[in-house]
2 protein chains.
Amino acid sequence: MVGDVLSKACSYGLRAVISLAMRQESSYQPIRELSTTLGISFHFLTKILQQLTDAGILVSQKGPKGGVALAVDASRVSVYDIVIAIDGSGAFTACILGLPGCGSRVPCPLHEQWAEERLRIEAMMKEESIDGLAHEVSSRRLRLGP
Amino acid sequence: MVGDVLSKACSYGLRAVISLAMRQESSYQPIRELSTTLGISFHFLTKILQQLTDAGILVSQKGPKGGVALAVDASRVSVYDIVIAIDGSGAFTACILGLPGCGSRVPCPLHEQWAEERLRIEAMMKEESIDGLAHEVSSRRLRLGP
DNA sequence: CGTATTTCGGACTCTGTTGTCTTAAATTAA
DNA sequence: TTAATTTAAGACAACAGAGTCCGAAATACG
Ligand code: SF4
Ligand code: SF4
């Protein structure tokens with residue numbers, strides 16, 4: 001669909017990581033649990049979280065008592081980190097008109113306006129920590145799933 | 001691709017309409033000309049411009065000397081109008097986490113931050129007129145195609 | 001050791017968008 | 001009227017993102 005700044009994979013990943021950050025126990029959480037509570041396909045979520053594991057954001061453990069867990073403190077992980085790990089930098093360099101080979105030289109007529117919004121979104125995502133969002137969800141009883 | 005706030009169809013339509021607004025002559029411009037100068041597939045562009053014709057933004061004329069032309073003054077058409085005509089309102093209501101059935105009640109933890117950016121983008125697109133952009137392209141020799 | 005559990009890895013299908021092609025309808029001009 | 005041109009309309013192929021499925025590797029536990 002149009003209007004997707006983030007891929008589904010990325011928003012799924014975000015929801016899972018926030019969910020992990022809300023967890024009290026220090027044990028691994030099985031992906032199956034995450035997928036059922038968040039209402040996301042298990043196999044799909046597995047692949048997404050593998051990317052986050054590769055990126056060093058999560059650690060995983062196979063076998064019984066296994067699962068995934070945050071590799072670093074949730075306060076050190078931003079929304080931006082997750083987006084970069086899953087969607088890559090494209091989300092912050094993508095263009096409105098998508099002209100071929102378009103940087104800032106010989107720009108399209110919407111470049112300045114769009115670049116400003118794009119920067120604001122990037123700054124917002126860098127600002128928001130997974131830890132902060134997890135606390136928001138807990139204290140204000142917000143939603144992460146259906 | 002991710003990061004696409006606008007579909008390809010929509011950005012093609014925008015480029016074509018701006019291109020039309022730069023035209024001096026009051027005659028119809030064949031879609032074939034537009035497609036070659038902009039580097040867009042003729043048949044694809046045809047379908048997109050048909051949508052704009054249906055939306056009352058363009059008028060079309062079949063046969064020799066035919067083509068498309070702006071239906072109203074370019075100063076009266078905004079980027080927003082084009083986006084709505086082609087991509088629909090989804091671009092301005094789409095969600096970061098895309099939770100099912102999510103309005104503003106029981107929001108996700110990013111709702112406020114995202115809603116603000118979304119509103120800014122919508123306002124920016126309403127502010128920018130096709131006429132203004134066309135003049136920018138002319139005076140500053142900006143790009144609309146390859 | 002053997003078994004159950006869980007992540008890992010790849011192959012596959014499904015779906016919506018993008019792009020191509022063919023034919024029909026309208027219009028102009030000779 | 002006939003021919004050339006151009007949009008209109010729809011069928012179809014190609015592609016990418018999303019989602020499914022199956023088997024392999026690792027690990028805990030009896
Ligand atoms: S000028 Fe800027 S916004 Fe426009 S297409 Fe190029 S990079 Fe994108
Ligand atoms: S809370 Fe707002 S931003 Fe988050 S998913 Fe719902 S509507 Fe979208």
Side-chain angles (χ1 to χ4, degrees), chain A residues 1-16 20 27-36 38-55 57-71 83 86-88 90-91 94 97-98 100, chain B residues 1-16 20 27-36 38-55 57-71 83 86-88 90-91 94 97-98 100:
Chain A
M1 198 237 307
V2 168
D4 292 350
V5 288
L6 268 43
S7 67
K8 287 227 171 212
C10 191
S11 53
Y12 289 170
L14 263 173
R15 287 163 59 192
L20 276 172
S27 61
Y28 291 105
Q29 180 163 30
I31 299 178
R32 185 124 246 154
E33 284 182 23
L34 280 169
S35 75
T36 53
L38 294 175
I40 301 171
S41 148
F42 166 67
H43 292 286
F44 193 27
L45 186 57
T46 292
K47 280 200 286 198
I48 298 163
L49 297 190
Q50 274 175 37
Q51 292 183 260
L52 295 180
T53 302
D54 292 345
I57 294 171
L58 299 182
V59 286
S60 67
Q61 171 72 20
K62 291 180 184 174
K65 308 270 183 186
V68 291
L70 280 166
V83 174
I86 297 179
D87 279 346
L97 296 192
Chain B
M1 197 237 304
V2 169
D4 291 350
V5 288
L6 267 42
S7 67
K8 285 219 171 214
C10 191
S11 53
Y12 289 170
L14 262 173
R15 288 162 59 192
L20 277 172
S27 59
Y28 291 106
Q29 180 163 28
I31 300 177
R32 187 125 245 153
E33 284 182 23
L34 280 168
S35 76
T36 54
L38 294 176
I40 301 172
S41 149
F42 166 67
H43 292 287
F44 194 29
L45 186 57
T46 292
K47 280 199 286 198
I48 298 163
L49 297 191
Q50 274 174 38
Q51 292 183 260
L52 295 181
T53 302
D54 293 345
I57 294 171
L58 300 181
V59 287
S60 68
Q61 171 73 20
K62 290 182 184 173
K65 308 273 182 183
V68 291
L70 280 165
V83 173
I86 297 178
D87 279 347
L97 296 192

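Worth knowing before you read on, the calculation uses all heavy atoms, side chains too, and leaves out hydrogens, waters and symmetry mates. Remember, predicted model here, so these are calculated numbers, not experimental data.
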| task | Round to the nearest Å and state the distance from B:Tyr28 atom OH to D:dT5 atom C1'. | result | 15 Å

| note | Winner on side-chain proximity to B:Ile31, out of D:dA18, D:dT7, D:dG19, is D:dT7

Output one line per pair: protein atom, nucleotide atom from nucleotides 24-30 of chain C, and distance, for all N/O pairs under 3.5 Å.
residue, atom, partner, partner atom, Å
C:dT27, O3', B:Gln61, NE2, 3.2

| request: Test A:Val5 against B:Val5 for side-chain contact (heavy atoms from CB on, under 4.5 Å), laying out the working first. | output: CA-CA 6 Å; A:Val5 288; B:Val5 288; 3.7 Å; yes

| request: Take atom CG of A:Asp54 and atom C1' of C:dC8, then tell me their distance rounded to the nearest Å. | output: 10 Å

| note | Contact check, residues 43-52 of chain A vs DNA chain D, heavy-atom distance under 4.0 Å, returns A:His43, A:Phe44, A:Lys47

| said: Testing the basics here: between B:Ser35 and B:Ser41, what is the closest heavy-atom pair and its distance to 0.1 Å? | reply: CB-C, 4.3 Å

| message | Expressed as a whole number of angstroms, how long is the span from A:Asp87:CG to D:dG17:P? | response | 10 Å

| query | B:Lys8 NZ to D:dG17 C1': how many Å, rounded? | reply | 15 Å

| Distance check: side-chain N/O of B:Ser60 vs OP1/OP2 of D:dT7, anything under 4.0 Å? | no

| Below 4.0 Å: OP1/OP2 of C:dG19 and any side-chain N or O of B:Tyr12 | yes

| Could you state the CD-C1' distance from B:Gln29 to D:dT7, rounded to the nearest angstrom? | 14 Å

| request: Return the value, rounded to whole Å, for the distance between atom CG of B:Leu20 and atom C1' of D:dT7. | output: 14 Å

Would you mind writing out the side-chain donor-acceptor pairs for residues 59-69 of chain B within the sub-3.5 Å range, not counting sequence neighbours?
none

| B:Ile48 and B:Ile40: CA distance, side-chain angles, deciding distance, side-chain contact (heavy atoms from CB on, under 4.5 Å) verdict | CA-CA 11 Å; B:Ile48 298 163; B:Ile40 301 172; 5.6 Å; no

| What pairs with B:Phe42 under ring-ring contact (aromatic ring centres under 6.0 Å, His included), at least two apart in sequence or on another chain? | none

| With sequence neighbours excluded, what pairs up with A:Gln51 under the side chain to side chain contact (heavy atoms under 4.5 Å, CB included) test? | A:Ile86

| task | Say whether, by atom type as modelled, one donor and one acceptor occur between the side chain of B:Asp87 and the main chain of B:Leu6 under 3.5 angstrom. | result | no

| field | All side chain to side chain contact (heavy atoms under 4.5 Å, CB included) counterparts of A:Thr36, not counting sequence neighbours | value | none

